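Lettering of chains follows the sequences in order, A, B, ..., and the numbering in each one begins at 1. What you are looking at is a predicted structure, and each value in this text was computed from that prediction instead of being measured.
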Protein chains: 2
Amino acid sequence: MSMTHLKEAMIDEMKDLYSAEQQLAEVLPQMAQKATDPTLKAGFEKHATETQTQIGRLEQAFGLLGETPAAITCEAMKGILKEGKHLMSEDTSPEVKDALLIAAAQKVEHYEITTYGTICTWAKTVGSDDVKELLGQSLNEEELTNQKLSEIAEKGINLKAV
Amino acid sequence: MSMTHLKEAMIDEMKDLYSAEQQLAEVLPQMAQKATDPTLKAGFEKHATETQTQIGRLEQAFGLLGETPAAITCEAMKGILKEGKHLMSEDTSPEVKDALLIAAAQKVEHYEITTYGTICTWAKTVGSDDVKELLGQSLNEEELTNQKLSEIAEKGINLKAV
């Protein structure tokens with residue numbers, strides 16, 4: 001495989017993220033189901049809907065670049081979610097389970113933040129301002145979700161889990 | 001397995017990170033070797049040394065908690081580095097390769113930032129201020145490394161890669 005241009009690298013990164021979002025869309029409802037804290041549960045449910053919107057934006061972005069949406073299995077998300085599923089199956093108190101779910105979700109968010117960040121930087125560099133604009137909305141959502149998870153953790157769940 | 005306390009969850013997270021840092025320590029010298037831009041190459045070399053220090057801090061932290069250092073294979077880092085190794089083997093121009101190396105390294109940094117962040121928050125919650133203090137130093141280093149990578153990317157490499 002030859003990739004001489006940053007644009008090709010960007011499209012590959014979008015395929016990775018398209019796979020990552022699809023993998024996440026399958027797991028988020030389970031995370032919402034396992035969560036006990038009502039704010040956390042509602043947060044996961046909201047993010048499941050957001051993830052569908054983000055998948056749609058990636059499809060739009062492929063279109064803007066004249067590409068057909070395609071996924072390349074995201075091994076990183078596969079690993080993150082493998083750990084997340086393991087945590088969900090562990091025998092813990094509801095409070096510790098919530099703390100673990102937040103930790104797992106923040107790993108997911110950080111993966112998405114860095115990947116959307118890379119794509120947006122590359123899109124700007126190659127002059128695809130429309131792609132940058134579109135996926136920048138998803139980047140903002142991921143950053144807000146991560147911040148919200150930190151707030152939920154710090155405000156109460158961690159203290160309950162001691 | 002039963003984990004009823006946040007402290008046990010914290011120790012498990014440290015074992016995950018201990019594995020992650022060890023996996024990374026093996027790959028960083030290859031990333032330094034593959035990088036063309038001298039600032040990027042030097043950055044990877046510096047971070048390889050830092051990673052050894054961070055492994056030492058984790059060992060110290062295990063000691064502070066009365067635990068023997070142990071690793072649980074970090075599946076997330078395994079996935080991130082699997083993708084990184086694939087990128088390194090691809091046939092690209094040196095400029096695109098550098099841009100890809102930065103993207104891969106930022107995925108690593110974000111994984112470590114979120115995981116050190118979780119451990120530090122939990123350490124504070126369970127009253128292990130010494131662990132929080134010690135691993136907080138590693139968290140700061142990871143954040144600085146990530147910031148530095150963004151600067152290198154934005155200042156020049158991405159433009160050269162177009």
Is it true that A:Lys124 and B:Glu154 have a side-chain N and a carboxylate O under 4.0 angstrom from each other?
no
Can you tell me if A:Lys34 has over 12 outside heavy atoms packed within less than 6.0 Å of its NZ?
no
Any chance you could measure B:Ile102, atom CD1, to A:Thr118, atom OG1, to the nearest 0.5 Å?
9.0 Å
More than 12 heavy atoms of other groups within 6.0 Å of B:Glu67 CD:
yes
d(A:Leu6 CG, B:Asp98 CG) to nearest 0.5 Å is 11.5 Å
List the steps, then state whether side chain to side chain contact (heavy atoms under 4.5 Å, CB included) holds for B:Asp12 with A:Glu90.
CA-CA 12 Å; B:Asp12 263 19; A:Glu90 277 186 319; 4.3 Å; yes
Heavy-atom neighbours of B:Glu59 CD exceed 12 at 6.0 Å:
yes
As an exercise, state the distance from NZ of A:Lys78 to NZ of B:Lys78, rounded to the nearest 0.5 Å.
10.0 Å
A:Asp16 versus chain B, heavy atoms under 4.5 Å apart: side chain, backbone, both or neither?
side chain
Same cluster (ILVMFWY, side-chain, under 4.5 Å), B:Leu40 and B:Leu144:
no
Would you kindly confirm whether B:Leu17 and B:Ile72 end up in one hydrophobic cluster when ILVMFWY residues are joined by side chain heavy atoms under 4.5 Å apart?
no
Atom NE2 of A:His110 and atom CG of B:Asn146: how far apart are they, to the nearest 0.5 Å?
9.5 Å
Interface check, chain B: of A:Lys107, A:Lys97, A:Met77, most non-hydrogen pairs under 4.5 Å belong to A:Lys107
If I take atom CD from residue A:Glu75 and atom CD from residue B:Glu75, how far apart are they, to the nearest 0.5 angstrom?
10.5 Å
Approximate separation, where rounding is to 0.5 Å, of B:Tyr111 OH and A:Thr114 OG1:
14.5 Å
Within a reach of under 6.0 Å around NZ of B:Lys15, are more than 12 heavy atoms found that belong to other residues, nucleotides or ligands?
yes
Take atom CD of A:Gln137 as the centre, draw a 6.0 Å sphere, and report whether it contains more than 12 heavy atoms from other residues, nucleotides or ligands.
yes
Flag if over 12 foreign heavy atoms under 6.0 Å of NZ, A:Lys41
yes
Under 4.5 Å to a heavy atom of chain B? For A:Glu13 that would be side chain
Between B:Gln106, B:Glu109, B:Glu83, which residue shows the highest count of heavy-atom pairs closer than 4.5 Å to chain A?
B:Glu83
Of all of B:Ser150, B:Gly84, B:Gly79, which one pairs up most often with chain A through heavy atoms under 4.5 Å apart?
B:Gly79
Turns out that what part of A:Ile113 lies under 4.5 Å from chain B's heavy atoms comes down to side chain
